[in-house]
Protein chains: 4
Amino acid sequence: MPTSTPVATPDTEPARKRRKEARPQELLDAALQVFVEKGFAATKMEDVANLASVSKGTVYLYFPSKEELLKAVIRHNLSLTIAQGGDLVAQFPGSTHELLHLLAMTWWERVGETQASGIFKLIITEVRNFPEFAEFYAAEVIEPGRQLLKALLQRGIARGEFRAVPLDDTVHALIFPMLMLCLHKHSVGACSGDVATQDPRAFIHNHIDLMLHGLCCQPGQH
Amino acid sequence: MPTSTPVATPDTEPARKRRKEARPQELLDAALQVFVEKGFAATKMEDVANLASVSKGTVYLYFPSKEELLKAVIRHNLSLTIAQGGDLVAQFPGSTHELLHLLAMTWWERVGETQASGIFKLIITEVRNFPEFAEFYAAEVIEPGRQLLKALLQRGIARGEFRAVPLDDTVHALIFPMLMLCLHKHSVGACSGDVATQDPRAFIHNHIDLMLHGLCCQPGQH
Amino acid sequence: MPTSTPVATPDTEPARKRRKEARPQELLDAALQVFVEKGFAATKMEDVANLASVSKGTVYLYFPSKEELLKAVIRHNLSLTIAQGGDLVAQFPGSTHELLHLLAMTWWERVGETQASGIFKLIITEVRNFPEFAEFYAAEVIEPGRQLLKALLQRGIARGEFRAVPLDDTVHALIFPMLMLCLHKHSVGACSGDVATQDPRAFIHNHIDLMLHGLCCQPGQH
Amino acid sequence: MPTSTPVATPDTEPARKRRKEARPQELLDAALQVFVEKGFAATKMEDVANLASVSKGTVYLYFPSKEELLKAVIRHNLSLTIAQGGDLVAQFPGSTHELLHLLAMTWWERVGETQASGIFKLIITEVRNFPEFAEFYAAEVIEPGRQLLKALLQRGIARGEFRAVPLDDTVHALIFPMLMLCLHKHSVGACSGDVATQDPRAFIHNHIDLMLHGLCCQPGQH
DNA sequence: AATGAATGAGTCTTCATTCAT
DNA sequence: GATGAATGAAGACTCATTCAT
């Protein structure tokens, strides 16, 4: 039923088989949701199993332990993110101004608005208990992301669009508010009526705009 | 008060007594540290007890449960934060430009550089398991902080120093990178060699500077 | 039977069929090996299945449970042992001296040197969890074996070859070292470099020799 | 109540404390019994706890895992055995003949007739699952025991009491029947009415006697 | 007030067994 | 008959909490 088979075979492939192939994905999705909602420690394997509509034991057919399940969840969702990151940039024709807006908005759509946004909370919460992750995350996510934005800033500076700002710090100043939006969404934002912002897309647009033009009135500043 | 003062004070009251009065504070400090380091679930009451150099049972003389201990830790540290918030502003004579820099730097010194910076990680991580806090935190910390910065922005706009930017979103764009700095410090930053920034004060200065002047080359500026 | 014979035999019956008939035997062999190696509890049905190159489910087509599999393994291997026991004795022409040596060596070749030697460890280990076997084993193995050796001793005494030693205890003194050799082989001997003896056949020869002539220097002997 | 305190203090030492000191021993005794009875795998920590009249968790206050509990049980009971082994020999004045009888009987009294006799079954059963034990057991028990008996045989040979038999094999021929007696006692012997021997001490006496004098009629053998 | 031995509820994890294919 | 995905009962182990001292 999932992928429609061409024509001839009227769905003869065993349902069991199709299930087996879909299971890891189903389990990872369920796990992401429960992990993000409750945190690693408070997540019971049975919770994940139930959400994926399988029994406790079945989870262990695909992931050897709760820890490995978490790792898989993070790896799975991060790999996507990274891949998507590189896609967009590189051959953008227009102004760096436009590129920055586009990049931010795309990131928000593909990460911030999906369940993947919960990963950051997980990372914040669990890195210290999974030291191997610190390394992994630093190498696979932080560093590539940083390089991406540095390249973008350098492009702007080279083209005379941007001031010669300190690269690393500016990269963080750019990305941090967007990460906080994700964190807020899965913590305070999920509980109290408090919303960090009425309209995240508008927030991001404004953030990028501020980063580009600043608060000060243009003429005769300072 | 902890280290015994030389002679003057008629320090006849038994060390035990002084100890007893200091206990709750000592326990809260120890708990903050362990909670921040390991997360709520991974924190053993014994860890806290050991760090405070008391026995497991003693913790229960002061806090009825692990949950209450966490609540006390958060409440205790939040009160500090709140108190510190209001102090500085209101009657600042100089430019809003200067005020913003001063405010940011002061906050960093009093929060970011102290153990209190760990409280944000705790909140992010645990609000969903202690929903009562969401409300409390929103009302006691987020809202006052937001008002403070909004007032500051309005001051700048009124004085013709700032553009008429959207207030709420700009407030968040201002504060979020600084919160992320705190979170980073207690998560990724505590594990991998990765540092968000070489020099947090410089980062903050740069961040505020960016918020004020933006990335774009503005003819005649600077 | 497993490897297909060339041409002659009208081997039209499907390989499947031949397989099917060999299965129980193959499974019992695999099970004996794994049970002896790991013990009953540590043996996974999957291990047995894998060793017999079938799937987990297949084992259950032949044996209804792990317990029944163990019972079958013991029963199967015991029957062999018993049958082999009676064969040799009865009409031996020579001296009881020679007969004892011959009997011991034959037993070692047919039991000690084969997989059957592992059955003793299984019995020792598991009888208390399968009490029904105690009876079975006592009646079918211990008692016949005991009778055999008692008859042998009586033959020796009657012929004036042996002293009038206590029959039962001597029977045990004769057989116990050989059983220990089997047990050792499948326990300590299988792990550490420790070997009970460099040369089991020489050990047995020496053991029988000791049983016949003793340690003491007997003037005029040998 | 256990050790009577001298005079003055009328049992003021806290019962709790005394308990703590007695616990490991109590637990080891309980564990030995249950392990021997059911085997390692079939033993539940709760069984051990119940037999020692404590809760599940208490066992873990003293032994970090079931495996370590087994190791401790074996180590504890073996150390005694070894120590006792060395005690007896060395300065025996009489004939090697007498010494051998005495040694065998003492061993039987101190090991064979106590719960410690169950250890051998445990070892046989579990060495392959605890490879580290093979080494330990070989070094701490097998080797010292072997040396002890070799020394005894050499003494007999040197004094002209014994024939020049092969040492290693003879050592095993001496000890194996006694080990089998222990194994039998805790396996078949504990289930069926079957007894290896009516009177173990008589069996051992006979065994040693056979080892010394053999089956053959003294004069004009072969 | 302080201690730390003891408890036992709660989870992860394993694996014998089942059954749809 | 054969398969192997799925199940869920069972047991090791942890740790918040209690309470006798």
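Letters A, B, ... mirror the listed sequences (proteins, then strands); counts begin at 1.
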Starting at the 5' end of DNA chain F and moving along, which residue's nearest nucleotide shows up first, A/Val59 or D/Lys44?
-> A/Val59
On DNA chain F, nearest-nucleotide positions of B/Pro64 versus D/Thr43: which is more 5'?
-> D/Thr43
A/Tyr62 side chain near F/dA6 phosphate (N/O to OP1/OP2, under 4.0 Å) =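 Answer is yes, contact under 4.0 Å.
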Between C/Arg23 and F/dG1, is there a side-chain N or O to OP1/OP2 distance below 4.0 Å?
-> no
How close or far is atom [atom2] of [N] from atom [atom1] of [X], stated in whole angstroms?
X	N	atom1	atom2	result
C/Leu69	E/dA16	CG	C1'	12 Å
B/Phe63	F/dA16	CZ	P	16 Å
B/Leu61	F/dT21	CG	P	18 Å
A/Glu26	F/dA6	CD	C1'	13 Å
B/Leu27	F/dA16	CG	P	15 Å
C/Lys38	E/dT14	NZ	P	14 Å
C/Asn50	F/dA2	CG	P	16 Å
A/Met45	F/dT14	CE	P	18 Å

Determine whether the side chains of D/Gln33 and D/Asp29 contain a donor N or O and an acceptor N or O closer than 3.5 Å.
-> no
Output the single nucleotide from [options] whose closest atom is nearest the side chain of [X].
X	options	answer
B/Tyr60	E/dT13, E/dT3, F/dA16	F/dA16
C/Ser65	E/dT17, E/dC12, E/dA2	E/dT17
B/Ser55	E/dG4, E/dT7, F/dT17	E/dG4
B/Thr58	F/dG1, E/dA2, F/dA6	E/dA2

Is D/Lys121 reaching over with its side chain to a backbone N or O of D/Val36, donor-acceptor style, under 3.5 angstrom?
->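 Flag set: sc D/Lys121 to bb D/Val36 pair under 3.5 Å.
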How are the rings of B/Phe133 and B/Phe130 set to each other: parallel, tilted or perpendicular (split at 30° and 60°)?
-> tilted
Verdict with reasoning, D/Asp47 to D/Leu51, per side chain to side chain contact (heavy atoms under 4.5 Å, CB included) | CA-CA 6 Å; D/Asp47 295 341; D/Leu51 190 58; over 6 Å; no
More 5' along DNA chain E: B/Val54 or A/Gly57, using each one's nearest nucleotide?
->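 Closest to the 5' end, via its nearest nucleotide, is B/Val54.
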Would you kindly compare C/Glu67 and A/Glu46 by the position of their nearest DNA chain E nucleotide and give the one closer to the 5′ end?
->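 The residue mapped nearer the 5' terminus is A/Glu46.
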With pairs defined as Watson-Crick or G-U wobble and both distances under 3.5 angstrom, please note down DNA chain F as a dot-bracket string, | for pairing with another strand.
-> .||||||||||||||||||||
Under 4.5 Å between any side-chain heavy atoms of D/Val73 and D/Phe35, yes or no?
-> yes
Can you find a donor-acceptor pair, distance only, under 3.5 Å between D/Lys56 side chain and E/dG10 base?
-> yes
Closest approach of D/His186 and C/Arg128, non-hydrogen atoms and distance?
-> O-CD, 3.1 Å
Excluding sequence neighbours, so at least two apart, what forms side chain to side chain contact (heavy atoms under 4.5 Å, CB included) with A/Ser55?
-> A/Thr58
Test log, rule side chain to side chain contact (heavy atoms under 4.5 Å, CB included), inputs A/Leu78 and A/Tyr137 = CA-CA 9 Å; A/Leu78 253 38; A/Tyr137 184 67; 3.7 Å; yes
DNA chain F contacts among residues 121-133 of chain B, heavy-atom distance under 4.0 Å = none
How far apart are the C-alpha atoms of A/Thr43 and A/Leu70, what are their side-chain angles, what is the distance that settles it, and do they pass the side chain to side chain contact (heavy atoms under 4.5 Å, CB included) test?
-> CA-CA 10 Å; A/Thr43 292; A/Leu70 173 62; over 6 Å; no
Answer yes or no: does atom NZ of B/Lys71 have more than 12 heavy-atom neighbours from other residues, nucleotides or ligands under 6.0 Å?
->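 Atom NZ in B/Lys71 is packed in, count exceeds 12.
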